[in-house]
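Within every chain, numbering begins at 1; the chains are lettered A, B, ... in the order of the sequence lines, protein sequences first and strands thereafter.
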Protein chains: 2
Amino acid sequence: MRPNRPKISDVARVAGVSTATVSRVLSNPDLVSSDTREAVQEAIRTTGYRLNLAARNLRHQRTGSIVALVPNLANPFFSEILSGIAAVLGEAGYNLLVADTCRTSAQALIDYAEPGRADGLIALDGRLPAEELKGKVPVVVACEWIPGLAAPRVKIDNRAAAGLAIDHLVALGHRRIGHVSGPRGNVLTEARIAGTQDALAAQGLLLAPADLHIGDFSLGSGREAAVTWLAQPAATRPTAMFFASDPMACGFIGEVQRHGLKVPEDVSVVGFDDIELVAHMSPPLTTIRQPRHDIGRLAAERLLARLKGETAMDDTVLPVDLVVRGSTAAPRQPA
Amino acid sequence: MRPNRPKISDVARVAGVSTATVSRVLSNPDLVSSDTREAVQEAIRTTGYRLNLAARNLRHQRTGSIVALVPNLANPFFSEILSGIAAVLGEAGYNLLVADTCRTSAQALIDYAEPGRADGLIALDGRLPAEELKGKVPVVVACEWIPGLAAPRVKIDNRAAAGLAIDHLVALGHRRIGHVSGPRGNVLTEARIAGTQDALAAQGLLLAPADLHIGDFSLGSGREAAVTWLAQPAATRPTAMFFASDPMACGFIGEVQRHGLKVPEDVSVVGFDDIELVAHMSPPLTTIRQPRHDIGRLAAERLLARLKGETAMDDTVLPVDLVVRGSTAAPRQPA
DNA sequence: CTGAAAGCGCTTACAG
DNA sequence: CTGAAAGCGCTTACAG
């Protein structure tokens with residue numbers, strides 16, 4: 001079946017017209033008289049012709065594809081953003097190309113930004129090299145951002161989000177609050193640490209260096225934070241912990257419970273992201289909800305707008321919510 | 001920068017050679033004398049030339065892309081399979097195109113199987129129409145399978161997996177065991193129900209119609225199953241439940257705990273998939289581990305082999321493990 | 001309204 | 001070892 005796949009010239013021959021006319025029927029039927037049009041459509045049917053998109057795209061100097069660069073495809077946080085991106089691109093007739101930045105060489109990632117490869121790029125990873133991305137395909141950055149790269153960003157207000165978490169804990173009566181962050185250097189990490197410090201300072205409190213644990217967003221690093229926390233004397237360790245991701249909060253809770261302590265009685269826990277499962281744990285997790293699907297949708301829409309000529313480079317900042325569930329309560333002994 | 005992007009003819013002019021020679025330096029450098037080769041490479045450098053993949057692909061009658069059709073991109077179960085696929089395709093120099101079958105029209109999905117759109121297709125969704133996929137691009141099916149479509153399948157032994165779960169519960173002393181399945185008609189659903197029934201029958205037990213709850217793999221349907229279960233008299237309801245997905249098991253446990261009952265003391269629970277979080281819940285979930293990343297890898301490898309001419313259509317069946325954790329124990333009152 | 005022809009940016013037999 | 005030329009399957013000014 002592969003060799004004798006009909007092409008536009010086969011249709012033209014069968015219909016007794018030129019290839020130009022067939023092409024017009026395909027992309028601009030109004031330009032063709034109805035008699036001719038019907039003859040061509042009949043020929044399309046009898047030959048079983050299907051348009052070769054690659055050829056059309058080459059002619060149009062576009063690829064019809066948008067590439068999304070994702071730090072870790074296996075991470076549900078990113079996959080839901082991807083789902084929002086896919087929804088918008090699919091409707092607009094674009095292909096969605098996906099690459100996993102943690103499993104792809106730096107050069108291969110940059111090659112995705114070549115025209116001829118994709119028409120535009122959505123970066124969910126802030127560690128991409130800004131310089132190498134210049135002069136290539138239009139870029140929109142989502143969630144994270146790339147310092148030094150002029151590109152629209154779709155994100156949440158991470159400092160404000162951290163503030164929501166801290167204010168909630170302080171309102172419950174907590175005075176000694178710890179923070180488990182993402183990896184150092186990540187833009188989200190820094191924004192959430194800064195937000196935590198600011199919110200504490202606004203309440204006259206301090207993030208003690210010992211109470212800042214550098215994690216990596218993973219379950220395992222949450223468990224490690226629990227080990228450190230458990231090793232401290234019960235009287236002087238933080239009564240509440242704010243995590244820069246839900247999986248870290250889950251890892252922490254699991255380890256603390258395994259040691260016979262209770263959440264929120266012995267320690268209050270706030271996560272970040274509101275991934276689906278955390279509402280169903282025991283206790284259900286208090287967390288910051290990010291509109292992941294919308295982040296993806298908006299990033300895709302901004303990119304499509306750029307491809308249509310929009311030049312605005314302003315950021316889109318989406319609101320976050322604090323979702324209060326069972327993992328937070330007043331501390332046992334208020335300071 | 002877009003308009004004056006150098007093409008192969010610009011390089012040729014600068015180097016003082018023909019476009020054919022530049023092309024050879026690019027794809028088959030050994031055919032060119034070292035003097036000429038160096039001159040061309042120098043010209044490539046000075047012009048900043050980058051190959052246009054779309055043009056090369058059109059010439060080669062291939063697209064360089066493989067499309068993965070995923071039932072729900074936001075579902076972490078599928079995203080990890082995708083990650084395995086991406087790893088293999090990236091290494092092989094293929095693009096990974098992704099489409100969400102639940103958000104894409106049937107026609108649009110079939111169009112992905114057109115040559116000119118992609119070189120091959122990996123289906124993670126068993127509901128695609130077999131007839132429409134014939135005579136198009138080579139297909140490999142992973143996880144689920146498409147009845148009536150001759151395509152290699154990469155999957156696990158779902159009946160055996162259900163047997164592992166049931167045997168474990170029976171060994172613990174359970175006699176009345178319920179099953180919460182996926183949606184009716186799904187090939188996985190039917191295989192897991194059949195496996196459950198077989199394993200029970202082998203032990204002289206029966207899956208009572210009232211103990212089979214039809215779910216849809218989601219958290220919410222697990223919660224609904226809990227409502228039904230809770231409504232039954234404690235003395236006569238199942239002492240153990242086997243779920244066709246981890247999220248359903250989580251939804252069930254959350255609802256049961258909310259009603260003051262305990263897992264595994266009041267009911268043992270076995271999930272399916274071993275998604276990352278369930279090891280960290282309380283209790284940690286006993287479940288069937290699927291090698292998701294490997295399923296993705298192997299599916300991609302089978303497809304690449306087909307593109308290279310392999311014609312074998314046999315299935316690849318991957319082993320599963322029962323992971324015993326805290327959500328299962330002996331029943332309170334053995335029957 | 002329709003066709004002949006050029007061209008998108010490459011690659012590759014075919015000569016030499 | 002290298003070049004002239006044809007062609008991958010489309011589209012689109014330009015004529016008529």
Side-chain angles (χ1 to χ4, degrees), chain A residues 2-41 43-44 47-65 93 111 114-119 137, chain B residues 2-41 43-44 47-65 93 111 114-119 137:
Chain A
R2 206 65 166 296
N4 41 34
R5 198 180 170 70
K7 51 181 87 167
I8 222 169
S9 58
D10 297 315
V11 178
R13 193 170 15 79
V14 170
V17 299
S18 72
T19 59
T21 299
V22 177
S23 176
R24 288 194 193 99
V25 169
L26 256 24
S27 24
N28 227 332
D30 294 341
L31 262 44
V32 179
S33 77
S34 60
D35 281 4
T36 314
R37 196 191 314 138
E38 275 160 33
V40 169
Q41 276 158 350
I44 288 176
T47 55
Y49 171 79
R50 312 254 29 198
L51 178 72
N52 181 320
L53 258 190
R56 167 182 281 181
N57 285 334
L58 177 62
R59 180 60 232 221
H60 277 157
Q61 300 269 59
R62 48 162 258 164
T63 66
S65 298
D111 284 345
E114 292 297 331
R117 191 77 182 273
D119 299 334
V137 114
Chain B
R2 206 67 165 297
N4 42 34
R5 200 177 168 70
K7 53 182 84 163
I8 222 170
S9 59
D10 297 315
V11 178
R13 193 171 16 77
V14 171
V17 299
S18 72
T19 59
T21 298
V22 177
S23 177
R24 289 193 192 100
V25 169
L26 255 25
S27 23
N28 226 332
D30 294 341
L31 263 42
V32 179
S33 77
S34 59
D35 280 5
T36 315
R37 196 190 316 138
E38 273 160 33
V40 170
Q41 275 157 350
I44 287 175
T47 54
Y49 170 79
R50 311 254 32 198
L51 178 72
N52 181 319
L53 258 190
R56 165 181 282 181
N57 286 334
L58 176 61
R59 180 60 231 220
H60 277 156
Q61 302 267 60
R62 46 163 260 164
T63 65
S65 297
D111 285 346
E114 291 297 330
R117 191 76 182 275
D119 299 333
V137 114

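Secondary structure note: stems in DNA chain D built from 3 or more consecutive Watson-Crick or G-U wobble pairs under 3.5 Å occupy C:1-3 with D:14-16, C:5-12 with D:5-12, C:14-16 with D:1-3.
When heavy atoms are screened at a 4.0 angstrom cut-off, A/Arg62 is found touching no nucleic acid atom at all. Counting any heavy atom pair closer than 4.0 Å across all strands shown, A/Arg50 reaches sugar-phosphate atoms only and no base atom.
Take A/Ser18 and apply the side chain to side chain donor-acceptor pair (under 3.5 Å) test, not counting sequence neighbours, and it matches A/Thr21. Here A/Ala15 pairs with A/Val17, A/Val40, A/Ala43 under the side-chain contact (heavy atoms from CB on, under 4.5 Å) rule; sequence neighbours left out. In this structure, the salt bridge (charged side-chain N to carboxylate O under 4.0 Å, His left out) partners of A/Arg13, at least two apart in sequence or on a different chain, are A/Asp10. In this structure, A/Arg62 has no salt bridge (charged side-chain N to carboxylate O under 4.0 Å, His left out) partners at least two apart in sequence or on a different chain.
Across the protein-nucleic acid pair, A/Asp10 atom CG and D/dC10 atom P stand 9 Å apart, rounded to whole Å. Look at CG on A/Asp35: it is 13 Å from C1' on C/dT2, rounded to the nearest Å. Between the P atom of D/dC1 and the CZ atom of B/Arg37 lies a distance of 9 Å, rounded to the nearest Å. A/Arg13 has its CZ atom 20 Å from the P atom of C/dT2, to the nearest Å. Rounding to whole angstrom units, CD1 of residue B/Ile44 and P of C/dC10 are separated by 10 Å. Rounded to whole Å, the distance from CD on B/Glu114 to P on D/dG9 is 14 Å. Between the P atom of C/dG3 and the CG atom of A/Leu31 lies a distance of 13 Å, rounded to the nearest Å. Computed from coordinates, the A/Asn52 CG to D/dG7 P distance equals 18 Å when rounded to whole Å.
Side chains of B/Thr63 and B/Asp119: a donor-acceptor N/O pair is present below 3.5 angstrom, by distance only.
As rounded to the nearest Å, C/dT2 and C/dA6 have P atoms that lie 23 Å from one another.
The backbone N or O of B/Leu31 sits nowhere less than 3.5 Å from a side-chain atom of B/Asn28 that would complete a donor-acceptor pair. Judged by distance alone, the side chain of B/Arg24 and the main-chain N or O of B/Val32 form no donor-acceptor pair under 3.5 Å. Proximity of a side-chain donor or acceptor of A/Ser23 to a complementary backbone N or O of A/Thr19 within less than 3.5 Å is not detected.
Between A/Ser33 and the phosphate of C/dC1, there is no side-chain N or O to OP1/OP2 separation shorter than 4.0 Å.
Side-chain contact between B/Leu51 and B/Arg56: present, with at least one pair of heavy atoms (C-beta onward) separated by less than 4.5 Å.
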**Study point:** Base versus backbone protein contacts along nucleotides 11-16 of chain D [heavy-atom cut-off under 4.0 Å; B, S, -]
**Key:** BBB---

